[in-house]
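Because only heavy atoms are used, hydrogens play no part in the values below, and waters and symmetry mates are left out as well, while side chains stay in. Here is the naming used below: chain letters follow the sequence lines, and residue numbers restart at 1 for every chain.
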Amino acid sequence: MLDQIRTEFFKLRKRWLPYVLLVALLISVLLPLVVNYINYKSILSKNPELASIEVTVNPDGSTTISGLPPFEPDSRFDTTYMYAQQLARLKKSLVLPGAMESVFDSIPNLGMFLVIVLAASVIGNEYGWGTVRQAIGRGNSRASYLASKVLTTTITAVAGIIAVVAVGLIATIITSLLVEGSIAWEGFASYFFISLGASLLVIMVYIALATFFAVLLRSAMAGMAVAMVWFIGESIVMALLIMSTGWLADLNVYLLSYNTGQLLSFTFGSDFTADMWKSVGLLVLYSGIFLAGSYGIFRRQDLTA
Amino acid sequence: MQKDIVIRTHGLTKRFKTARRNILAVDNLSIEVPKGSIYGFLGPNGSGKTTTIGMLLGLIRPSSGSIELFGQDLSSEGSALLKRASSVLENSPTYPYLSGRDNLEVYSRMRGVVDRQKINEVLDIVGLTKRADSLSKTYSLGMRQRLTIALALLSDPDLVILDEPSNGLDPSGIIDTRNLIRQLGAQGKTIFLSSHLLHEVEQVCDYVAVLNHGKVIAQGPVDALLHRGKMLEFKVDDIDKALSLLKECAWISTVETDNKHLYVVTDEERHPDVNEILVHSGIKVFEMKKASDSLEDFFLDVVEGEQQGGPNA
């Protein structure tokens with residue numbers, strides 16, 4: 001099994017795909033920070049009187065803005081007040097702990113699609129190339145073959161996300177120091193690790209989902225497409241369920257998107273609620289079902305074709 | 001003394017069930033591949049060859065019957081047994097984004113040992129040393145086929161299963177493959193060769209099995225099936241008289257005619273006796289020579305014979 005995992009890493013590190021996905025994720029995290037910082041500096045240079053604005057993220061997650069110029073209702077367009085509001089929003093997105101929220105928003109949102117691409121191609125391409133036949137025909141057990149692929153994808157995705165979060169953290173520390181000059185660390189560590197854990201769990205579910213469809217459909221492209229259709233389809237179903245009445249309305253709490261959404265709604269200062277724990281349980285259950293289903297199909301699959 | 005058997009199937013059957021059809025791909029197949037033999041597995045397209053190889057390699061489960069590799073049951077000891085085997089599969093599956101060398105390294109790593117000297121050695125054997133570091137997606141079909149042959153040689157297997165190994169190869173590649181198969185056979189490895197190229201099979205194989213509609217319709221040593229060294233071809237003036245005369249001889253196993261020639265199968269030491277009987281009976285013998293069926297004739301004969309109502313071999 002260890003040999004197979006090493007082999008999978010050997011194959012993966014020779015591909016462009018993981019590097020492209022990592023760069024895409026890094027860009028999705030760093031680009032908003034850079035753009036926000038440029039905007040912040042631009043507004044400030046045009047409105048130097050707004051430098052005194054202070055934005056504080058309270059331990060309960062709420063934001064307090066102080067130092068705003070008085071609002072002038074008589075004025076048709078109080079541009080200074082508008083700029084002040086915009087500056088306050090930008091400051092929140094650039095200074096820790098608020099800055100980290102946008103990092104954690106980007107990772108699962110784009111990351112979900114990226115891990116679907118990664119997981120589906122790691123298993124699905126082997127069908128297209130016919131290499132799955134070579135591997136199994138050489139005495140590799142189907143269980144360890146599939147497990148090594150899932151583990152390799154998971155380790156790669158987790159390592160990639162941790163690397164991106166680390167880069168995001170360093171970048172937000174830098175922007176915090178540039179904007180604020182200091183960082184308020186109080187309550188940050190617990191928020192950071194819970195958010196990281198939630199992101200990883202959400203990513204894990206989508207790895208399992210993509211693996212399941214890639215195995216079922218014996219194709220990377222079909223696996224990606226159906227996993228994404230599932231993702232999009234669920235949002236539509238969820239919207240319809242919310243509009244309905246009775247027991248139907250309650251069904252959405254069992255959907256994948258609802259539960260990933262629950263976990264990703266965790267923000268600085270908020271509590272990890274019982275509902276969130278329920279979502280953790282359901283997402284673990286979903287992952288288990290998808291992985292068991294993948295193995296159940298792969299174990300009996302005709303690999304001669 | 002009975003030979004060691006490397007592959008033994010007993011009543012091997014594979015049935016594909018779909019909503020509309022029930023296809024019997026392999027029907028009660030029983031074959032024995034002796035250790036150290038080069039075993040040809042012949043059959044027209046759709047006869048069940050690839051499905052059988054798939055079952056031998058654990059790629060597909062049999063509907064019924066059993067497979068033994070190296071004397072042990074494949075269903076219980078599959079992974080360990082298959083590690084002693086290697087295969088060259090149809091369509092030359094390789095990783096397109098890896099070089100030939102890296103493709104070999106992938107399968108070395110799966111076994112937990114990366115032996116670079118061995119990788120260079122097998123690349124040299126198949127003549128890919130110069131292109132070893134090019135991506136396999138830039139290879140021609142023939143080169144990819146050579147690469148999969150190199151993969152098969154990498155683990156120094158006891159059993160090599162080859163599914164159409166000459167597909168896509170140019171004439172010199174076909175000759176190289178034939179020589180390689182002979183070389184492997186000379187090293188005592190057991191070769192299971194599925195091929196459409198009857199001429200190739202005839203030149204390298206010791207044993208053959210002919211498959212049609214999932215059933216073995218003939219199998220045995222090639223020499224015996226083709227009556228090599230045993231068949232005589234006569235040109236005589238009275239074929240009917242000669243035919244009825246020779247049919248009475250118990251030591252002659254087969255007497256047949258195509259209305260122009262007479263074919264007699266018997267042990268080599270009795271060949272002069274056949275001629276003597278004919279001459280003593282007043283039959284004029286214009287020509288007498290040793291003859292044998294080509295595998296192609298034999299193949300067409302048994303396949304057509306089976307299609308006309310039952311095996312004739």
Side-chain angles (χ1 to χ4, degrees), chain A residues 1-21 117-118 121-149 151-152 215 218-221 295-305, chain B residues 14 16 25-26 48-61 69 74 77-99 101-103 105-114 135-137 144 147-148 151-152 154-155 157 159 161 163:
Chain A
M1 175 78 165
L2 211 57
D3 289 332
Q4 281 190 29
I5 292 174
R6 284 197 190 110
T7 309
E8 289 303 325
F9 275 118
F10 175 77
K11 289 192 282 185
L12 204 55
R13 77 182 157 85
K14 297 265 178 181
R15 292 184 74 173
W16 283 100
L17 184 70
Y19 304 105
V20 171
L21 299 183
V117 170
L118 181 70
S121 61
V122 162
I123 181 80
N125 279 332
E126 301 270 354
Y127 289 98
W129 296 327
T131 41
V132 62
R133 292 186 287 149
Q134 285 278 16
I136 300 302
R138 285 167 174 265
N140 294 301
S141 85
R142 293 189 186 217
S144 64
Y145 181 78
L146 187 65
S148 67
K149 285 204 167 288
L151 278 173
T152 307
V215 169
R218 302 155 161 267
S219 155
M221 289 306 289
Y295 176 63
I297 294 164
F298 189 61
R299 196 169 68 91
R300 305 188 67 82
Q301 207 163 40
D302 172 5
L303 299 177
T304 53
Chain B
K14 182 66 195 178
F16 293 102
V26 177
K49 298 191 301 293
T50 299
T51 305
T52 305
I53 288 177
M55 288 190 281
L56 293 177
L57 292 173
L59 301 178
I60 184 169
R61 288 168 179 239
L69 289 187
L74 185 69
E77 301 291 330
S79 292
L81 297 174
L82 287 170
K83 284 192 192 300
R84 294 176 61 189
S86 241
S87 53
V88 174
L89 300 174
E90 235 180 335
N91 303 326
S92 317
T94 56
Y95 293 98
Y97 66 94
L98 293 180
S99 68
R101 192 185 301 283
D102 284 343
N103 264 285
E105 190 166 335
V106 164
Y107 293 97
S108 281
R109 282 174 180 272
M110 276 183 192
R111 288 176 181 264
V113 191
V114 181
L135 298 185
S136 78
K137 68 180 171 191
R144 284 214 311 275
L147 181 60
T148 52
L151 287 175
L154 198 62
S155 57
L159 166 66
I161 296 176
D163 192 7

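Within the 3.5 Å criterion, the main-chain N or O of D302(A) finds no donor-acceptor partner in the side chain of R61(B).
A cation-pi arrangement, defined by a distance under 6.0 Å to the six-membered ring centre and an angle within 45 degrees of its axis, is present between R138(A) and Y107(B). Judged by the 6.0 Å distance and 45° axis criteria, K14(B) is positioned over the aromatic ring of F16(B).
Each of I53(B), V113(B), T51(B), L89(B) has some count of heavy-atom pairs under 4.5 Å with chain A, and the biggest count is that of L89(B). In terms of heavy-atom pairs under 4.5 Å with chain A, the best-connected choice from M55(B), R109(B), R111(B) is R109(B). Most heavy-atom pairs under 4.5 Å with chain B: of the set E126(A), Q4(A), R6(A), R133(A), this distinction falls to R133(A). When each of N103(B), L57(B), L59(B) is checked for heavy-atom pairs under 4.5 Å with chain A, L59(B) comes out on top. Of the residues considered (T131(A), L303(A), N140(A), T304(A)), T131(A) shows the highest number of contacts with chain B, using heavy-atom pairs under 4.5 Å. Each of P96(B), G58(B), G54(B) has some count of heavy-atom pairs under 4.5 Å with chain A, and the biggest count is that of P96(B).
Environment of CZ in R300(A): sparse, with no more than 12 heavy atoms of neighbouring residues, nucleotides or ligands closer than 6.0 Å.
The contact between D102(B) and chain A is made by backbone and side chain atoms together, counting heavy-atom distances below 4.5 Å. Neither the backbone nor the side chain of R84(B) comes within contact range of chain A; no heavy atom of the residue lies under 4.5 Å from a heavy atom of that chain. If you measure heavy-atom distances from I161(B) to chain A, you find no contacts under 4.5 Å at all. Contacts of T94(B) with chain A are made by backbone atoms alone, with heavy-atom separations under 4.5 Å and no side-chain atom involved. Only the side chain of S86(B) comes within less than 4.5 Å of a heavy atom in chain A; its backbone stays farther off. Heavy atoms closer than 4.5 Å to chain B are found nowhere in E8(A), neither backbone nor side chain.
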Between K49(B) and D163(B), is a side chain to side chain contact (heavy atoms under 4.5 Å, CB included) present by the stated rule, with each step listed? CA-CA 8 Å; K49(B) 298 191 301 293; D163(B) 192 7; 5.5 Å; no

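A donor atom on one side chain and an acceptor atom on the other are found under 3.5 Å apart for K11(A) and Y95(B).
The minimum heavy-atom distance between V122(A) and L12(A), with the atom names listed, is CG2-CD1, 3.7 Å.
Between E105(B) and R101(B) no salt bridge is recorded (no basic side-chain N to carboxylate O distance below 4.0 Å).
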